[in-house]
Amino acid sequence: MTAETILAWYDRHARTLPWRSPPGASPPDPYRVWLSEIMLQQTTVAAVKPYYERFLARWPSIEALAAAEDAELMAAWAGLGYYSRARNLLACARTVVAEHGGRFPASSAELRRLPGIGDYTAAAIAAIAFGEPAVVVDGNVERVVARLFALESKAAVRLQAAALTPAERPGDYAQAMMDLGATICTPRNPACAICPVRSDCRAFALGAPEAWPVRPPKPAKPHRRAFAFWAEADGHVLLVTRPAKGLLGGMRALPTGAWDAQPSLDDAPFPAPWRLLDPPVRHVFTHFSLDLSVACASVRRDNAAGEWWPMDRLDQAGLPTLFDKAARLALRERMTETATAC
DNA sequence: AAATCGTGGCC
DNA sequence: TGGCCAAGATT
């Protein structure tokens with residue numbers, strides 16, 4: 001019942017998105033569905049669009065993507081965040097090419113085994129690209145279903161979501177639920193007045209749609225400090241590649257010291273007359289905030305561990321946003337030369 | 001299984 | 001402006 005209403009709404013109000021086929025049309029290329037779904041994990045549509053277009057133009061097929069080098073793919077992902085997605089993207093592409101003949105497996109169960117594909121993404125690709133009536137539960141669906149039935153537990157939401165999922169047009173239905181959640185049943189100030197299923201909605205009837213879904217309180221973010229070192233020589237700056245796992249894993253970066261303790265200039269990659277830029281770069285991650293002080297020095301270009309990167313091509317290094325901020329600060333200070341010696 | 005993992009936009 | 005949030009996965 002409700003599913004039909006939502007599909008009818010989708011037929012008239014579906015968003016037009018670069019990775020999407022219109023309602024009722026033949027399903028899009030699984031490669032495109034997969035690429036978009038990975039990028040969209042915990043990431044807004046607006047942020048994904050330019051990355052998706054760039055990736056698709058540069059790597060139009062899974063074979064092309066599988067042949068990419070790690071460094072160029074990580075650089076292309078720079079700025080989008082959650083960088084383990086990029087590593088898993090490449091691992092997944094190579095697995096599909098090497099073990100599945102370059103074709104994505106068509107079932108959610110098989111998709112689920114691939115790197116970077118969890119319960120949600122497996123169901124979404126199976127439904128959208130292959131027409132499997134998989135139960136697709138993302139943050140949008142959780143919110144819509146929790147409100148429709150005034151449910152508090154994730155388990156209850158999943159059961160209801162499964163009961164609601166239609167055998168026909170499962171891909172359109174999944175996207176319809178996500179569009180409904182993204183444009184009408186929003187986290188704050190939901191547009192209940194124009195909601196197609198308002199009359200079926202318990203949360204609306206109870207007069208407090210925003211009370212669902214119930215979120216556990218979030219712990220406070222600790223604050224950390226660190227130094228980043230801008231070492232320049234002969235028009236080049238020293239960059240390192242961070243370890244594959246952990247924060248900003250696998251990304252190019254400025255050398256840094258320890259994050260947390262009282263940061264020390266002793267953590268520099270080598271002794272130099274470091275000048276401290278002010279103010280530090282402030283950056284907020286998911287679970288902590290950071291003040292990154294940038295220390296600059298002109299040095300002799302030697303065999304320090306890392307890459308000496310041409311400063312006039314720094315935009316091609318693929319620095320994540322934190323280090324892009326630090327680099328911009330250093331380049332700006334470099335023009336004005338007002339740094340304080342220390 | 002709780003912690004970890006980015007970033008930008010919004011109010 | 002600071003907290004909240006976004007088409008979650010991994011360990």
Side-chain angles (χ1 to χ4, degrees), chain A residues 14-15 17-20 28 32-52 74 77-89 91-92 111-129 134-145 154 158 161 171-183 185-190 210 213 215-224 242-251 253 259 281-290 292 318-325:
Chain A
R15 288 179 292 175
L17 299 171
W19 45 84
R20 182 181 274 187
R32 300 185 182 212
V33 176
W34 165 71
L35 180 59
S36 68
E37 289 299 341
I38 300 300
M39 288 184 167
L40 285 162
Q41 289 168 1
Q42 296 292 287
T43 308
T44 58
V45 166
V48 164
K49 275 182 181 171
Y51 283 85
Y52 175 82
M74 298 309 287
W77 196 276
L80 197 54
Y82 284 150
Y83 297 100
S84 65
R85 291 184 296 171
R87 288 217 163 281
N88 285 331
L89 190 80
C92 183
L111 288 162
R112 178 65 182 79
R113 297 190 200 113
L114 294 167
I117 298 185
D119 289 339
Y120 160 74
T121 304
I125 297 172
I128 297 169
V135 181
V136 178
V137 182
D138 73 329
N140 289 303
V141 176
E142 183 187 353
R143 185 170 59 254
V144 170
V145 173
K154 287 181 180 291
R158 172 159 276 282
D172 281 347
Y173 169 75
Q175 294 175 95
M177 290 291 277
M178 293 191 272
D179 276 19
L180 190 61
T183 65
C185 195
T186 51
R188 287 163 304 184
N189 300 317
E210 284 185 328
R215 299 286 189 205
K218 295 188 177 176
K221 286 185 205 294
H223 191 264
R224 299 184 188 175
R242 295 175 58 80
K245 299 197 173 192
L247 192 71
L248 307 177
M251 300 301 288
W259 302 30
V281 171
R282 297 203 132 168
H283 195 74
V284 180
F285 292 100
T286 306
H287 54 293
F288 68 94
S289 57
L290 178 72
L292 186 71
L319 295 177
T321 299
L322 169 67
F323 293 108
D324 189 61
K325 287 181 185 174

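In this text, all values refer to a predicted model and were calculated from it rather than measured experimentally. Letters go in sequence order (proteins before strands), and every chain restarts at 1. What's counted below: heavy atoms across the whole structure, side chains too, no hydrogens, waters or symmetry copies.
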Note, A:L17 side chain near A:Y52 side chain (heavy atom, < 4.5 Å)
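Side chain of A:L17 against side chain of A:Y52, heavy atoms only: no contact under 4.5 Å found.
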Any side-chain N or O of A:H287 below 4.0 angstrom from OP1/OP2 of B:dC5?
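For B:dC5, OP1/OP2 do have a side-chain N/O of A:H287 under 4.0 Å.
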Under 4.0 Å: is that the gap between some side-chain N or O of A:H283 and OP1 or OP2 of B:dG6?
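Answer no for this pair, as no side-chain N or O of A:H283 is under 4.0 Å from OP1 or OP2.
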Whichever of A:N189 and A:F285 has its nearest DNA chain B nucleotide further upstream toward 5'
A:F285
In terms of relative ring orientation, are A:F288 and A:F285 parallel, tilted or perpendicular, with 30° and 60° separating the classes?
tilted
Separation of [N] [atom2] from [X] [atom1] (nearest whole Å):
X: A:L292; N: B:dG6; atom1: CG; atom2: P; value: 15 Å
X: A:L80; N: B:dG9; atom1: CG; atom2: P; value: 13 Å
X: A:L290; N: C:dG2; atom1: CG; atom2: P; value: 16 Å
X: A:F288; N: B:dT7; atom1: CZ; atom2: P; value: 10 Å
X: A:L319; N: B:dT7; atom1: CG; atom2: C1'; value: 15 Å

To the nearest 0.5 Å, tell me how far A:I125 CD1 sits from A:I38 CD1.
6.0 Å
Qualifying salt bridge (charged side-chain N to carboxylate O under 4.0 Å, His left out) pairs with a residue from residues 114-129 of chain A, counting only residues at least two apart or across chains
A:R112-A:D119
Take A:N189 and A:E210 through the test side-chain contact (heavy atoms from CB on, under 4.5 Å) and record every step on the way to the result.
CA-CA 7 Å; A:N189 300 317; A:E210 284 185 328; 4.0 Å; yes
Counting only heavy atoms from other residues, nucleotides and ligands, does the tally under 6.0 Å from CZ of A:R282 exceed 12?
no
Counting neighbours of CZ on A:R87 that are heavy atoms of other residues, nucleotides or ligands and sit closer than 6.0 Å, is the number greater than 12?
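Enclosed: over 12 neighbouring heavy atoms sit under 6.0 Å from CZ of A:R87.
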Say you pick atom P in B:dG8 and the same atom in C:dA9; how far apart are they, in whole Å?
23 Å
Taking B:dC5 as the reference, what is the distance to C:dA7 when you measure between their P atoms (whole Å, please)?
23 Å
Can you build the contact string for nucleotides 3-11 of chain C? Use B for base contact, S for sugar-phosphate-only contact, and - for no protein heavy atom under 4.0 Å.
--SBBBSS-
Heavy-atom donor-acceptor pair, A:T43 side chain to A:Q41 backbone, under 3.5 Å
yes
Chi angles and distances behind the side chain to side chain donor-acceptor pair (under 3.5 Å) call for A:Y120, A:E37:
CA-CA 9 Å; A:Y120 160 74; A:E37 289 299 341; 2.7 Å; yes
Does DNA chain C take part in any stems of at least 3 consecutive Watson-Crick or G-U pairs (both distances under 3.5 Å), and if so, which ones?
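Stems for DNA chain C, defined as runs of 3 or more consecutive pairs: B:2-5 with C:8-11, B:7-11 with C:2-6.
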By the 4.0 Å heavy-atom rule, please label A:V284 as base, sugar-phosphate, or nothing.
base
